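Following: one structure in structure tokens, then a few remarks.
Here the structure is a predicted model, which means the values were calculated and not measured. Labels below follow one simple rule: chain letters A, B, ... track the order of the sequence lines, proteins then strands, and each chain is numbered from 1.
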2 protein chains.
Amino acid sequence: MKILIIGAAGMIGMRLAKSITKDAFMGRINDITLFDVIPPKIESNKSSYKIKTGDISDPKIISDLISQKPDIIYNLAAIVSGEAEENFQKGWDINTKATWQLLEEIRKEFVASNGSYKPKFIYTSSLAVFSGPYPDAINDDFSPNPETSYGAQKLVGEILISEYSRKGYLDGIALRLPTIVVRPGKPNKAASSFYSSIIREPLNGFEAILPVPEDLCHWFASPQSAVGFLKHAAKLDFKKLGNKRSLNLPGVSCSIADQILALEGIAGTKVSKLIKRIPDKKIENIVKNWPQNFIADRAIQLGFSADKNFKEIIKLYIDEEINT
Amino acid sequence: MKILIIGAAGMIGMRLAKSITKDAFMGRINDITLFDVIPPKIESNKSSYKIKTGDISDPKIISDLISQKPDIIYNLAAIVSGEAEENFQKGWDINTKATWQLLEEIRKEFVASNGSYKPKFIYTSSLAVFSGPYPDAINDDFSPNPETSYGAQKLVGEILISEYSRKGYLDGIALRLPTIVVRPGKPNKAASSFYSSIIREPLNGFEAILPVPEDLCHWFASPQSAVGFLKHAAKLDFKKLGNKRSLNLPGVSCSIADQILALEGIAGTKVSKLIKRIPDKKIENIVKNWPQNFIADRAIQLGFSADKNFKEIIKLYIDEEINT
């Protein structure tokens, strides 16, 4: 079995790559290709992978990747929300056109092989496909209506994946990931960045800034759950998806007050006191329009499982990033 | 004011073109350009129009059309559902890529003009963006989930139009038209064709075939209403649309039994007896998955108005196609 991970240098891509070699869950794997614009920083077991770099918006690169006929293709490559909003062209090129070109190239190989080549195509989508007003909890029937370029780009990708799947050219799924916390590393300029930093910085003895009111709720999963979702998708019988190829994934709905309480419960008030409240209306105006809660019945029925609560999410971060 | 109608040789495009010259509703019109792959058959007032022909999937053609800086652009060009399902590439090229290229060309002109060029972009979308299971009546929040290439192509067009509008490059609207009946002319190979022919053929003294059970309901509007929708969109204050640029339009929900009853009420049983029931499971299986009824509150609040009932739809056909 051949696996291709596009966007393998990212935080989730690297974890997925490492975890696939460890596991035998997909039977015999002959070939794992890691692709990204920069080489993934994988030190151990480097010989387990083929590493390729390039620009995924280049059709020749895509043709080369698909000509290897991977059985499972993870497309995790993305321009993140802030950059997609700033750089319209780049966002559409990477988040949508490159995805479309991948699907087209797969279709060509499908046709050329008389239908014997029909890979699984696993795509990370986002809560950004949604916008308010929201119900108390978003169910599987809630209609997407993106209010960012990133959300629109991901939603078009989803529709294309459904359509290519319906026509039988491939077996696709679009996983709408919760916001992933606690991200290791440094804060970035994403509006969601503080959701990780209010946990990560205090645990590491540093101050963190909380720019929004504590009663705001949001929908979270750990990096470990994200990798779990991606691995589960590879094992899933796609017939069960029918014609609905986009899936809201399970997660933890949690207010910021609850997050802080969970942090205190684990590390004490000395740590949680490192969170400084410095309101930022610009960030608040973005964040308050994000989904707060989901009822992800369909994904749960399909066997996707998330973290139990926010404490568990924090503990996973401590175990993996601090205690190792 | 300059108006461009893309797809002007079609049944709706021609009616729209004729009706725009008659009306003064949009103030002074300097220029109406009619574009299609074949020249529209417009005999009277031919000098009122500039007629252009070409392939709308050709970026050069698009660049030429938009370089004229039309104030209102109607994009009615489409590969219809049956053909889009058969010819995957052609459907995506015309129904989506050409629309995207139009939006891109408008964006270029917007940027080059420092935002002074910002046209209205009026796009005909379709009920085909939806699939079952349906509620008793589909409201404005019902989530699209296309089960045909045509529906997927139109939905991607809708998302692009919303996104380019949100970014301020143009003012777009996507009108989800009901099934248009009674179409003049001959039956075609569309699955929906019988909906016109069971009225049209008997009124003209010919037999018509009804391939599906009489209890099936569907959502209809007359060609006159369709033109009315398109003209109303040109006058509409697009600020009222906010970030929801796709609109389910009002129509008449009607079972086939009701259609036949309406025909009888107007033309008598001698005419309605020309309808022959010849079941066709293939057509039934397509048609039974179509939406049956809508609550088009939003469109009605925005001033879009439809036919009162099916009798009125039949009378419009008689007035225009038989009594003239």
Side-chain angles (χ1 to χ4, degrees), chain A residues 84-89 91-93 95-97 99-101 103-104 107-108 110-111 128-135 138-169 174 241-246 248 289, chain B residues 84-89 91-93 95-97 99-101 103-104 107-108 110-111 128-135 138-169 174 241-246 248 289:
Chain A
E85 199 60 37
E86 254 173 51
N87 194 332
F88 186 84
Q89 186 85 55
W92 282 101
D93 282 352
N95 292 342
T96 305
K97 285 187 185 167
T99 300
W100 197 346
Q101 193 59 37
L103 301 175
E104 266 300 282
R107 183 171 76 95
K108 276 185 203 162
F110 171 91
V111 172
V129 301
F130 297 114
S131 64
Y134 300 112
I138 294 170
N139 68 17
D140 292 318
D141 295 327
F142 191 70
S143 184
N145 182 46
E147 287 192 346
T148 59
S149 293
Y150 181 72
Q153 288 152 9
K154 285 290 180 184
L155 184 56
V156 172
E158 288 188 10
I159 296 165
L160 292 169
I161 286 164
S162 279
E163 170 65 2
Y164 278 73
S165 298
R166 188 186 63 81
K167 293 292 274 188
Y169 302 135
L241 297 170
N243 192 41
K244 292 206 168 188
R245 297 303 179 124
S246 301
N248 298 338
N289 287 320
Chain B
E85 200 60 36
E86 254 173 52
N87 194 333
F88 186 83
Q89 186 86 55
W92 282 100
D93 282 351
N95 293 342
T96 305
K97 286 187 184 165
T99 299
W100 197 344
Q101 193 59 36
L103 302 174
E104 266 300 283
R107 183 170 77 96
K108 276 185 202 160
F110 171 92
V111 171
V129 300
F130 297 114
S131 64
Y134 300 112
I138 294 170
N139 68 17
D140 292 319
D141 295 327
F142 191 70
S143 184
N145 183 46
E147 287 192 347
T148 59
S149 294
Y150 181 73
Q153 289 152 8
K154 286 289 177 184
L155 184 57
V156 171
E158 288 189 9
I159 295 164
L160 292 169
I161 286 164
S162 279
E163 170 65 2
Y164 279 71
S165 299
R166 189 186 63 82
K167 293 292 274 188
Y169 302 134
L241 297 171
N243 192 42
K244 292 207 167 188
R245 297 302 179 123
S246 302
N248 298 338
N289 287 321

Practice item. I would like to know whether B:Phe142 and A:Phe142 meet ring-ring contact (aromatic ring centres under 6.0 Å, His included); could you show each step before the answer? Key: CA-CA 8 Å; B:Phe142 191 70; A:Phe142 191 70; over 10 Å; no

Check your understanding: Looking only at atom types and distance, does a side-chain atom of B:Asn243 sit under 3.5 Å from a main-chain N or O of A:Ser131, one as donor and one as acceptor?
Key -> no

**Study point:** Closest contact, heavy atoms only, B:Ser143 versus A:Pro144
**Key:** OG-CD, 3.5 Å

Check your understanding: Of the backbone (N, CA, C, O) and the side chain (C-beta and beyond), which part of A:Ser162 lies under 4.5 Å from a heavy atom of chain B, both, or neither?
Key -> neither

Exercise for review: Pick whichever of A:Gln89, A:Glu147, A:Lys244, A:Gln153 has the most heavy-atom pairs under 4.5 Å with chain B.
Suggested key: A:Glu147

Exercise for review: May I ask you to decide if the ring planes of B:Tyr164 and A:Phe88 are parallel, tilted or perpendicular, using 30° and 60° as cut-offs?
Suggested key: perpendicular

**Study point:** Which atoms of A:Arg245 approach chain B - backbone, side chain, both or neither, heavy atom under 4.5 Å
**Key:** neither

Exercise for review: Could you tell me which of A:Glu163, A:Lys167, A:Arg107 has the largest number of non-hydrogen atom pairs under 4.5 Å with chain B?
Suggested key: A:Glu163

Check your understanding: Any Lys/Arg nitrogen of A:Glu85 or B:Arg166 sitting under 4.0 Å from an Asp/Glu carboxylate oxygen of the other?
Key -> yes

Exercise for review: Could you tell me whether the side chain of B:Ile159 reaches within less than 4.5 Å of the side chain of A:Ile159, counting heavy atoms only?
Suggested key: yes

Practice item. For each of A:Asn145, A:Asp141, A:Thr96, A:Leu160, tally heavy-atom pairs with chain B at distances under 4.5 Å, and name the one with the top tally. Key: A:Asn145

Point to revise | Contact check, side chains of B:Lys97 and A:Trp100, non-hydrogen atoms, under 4.5 Å | key: yes

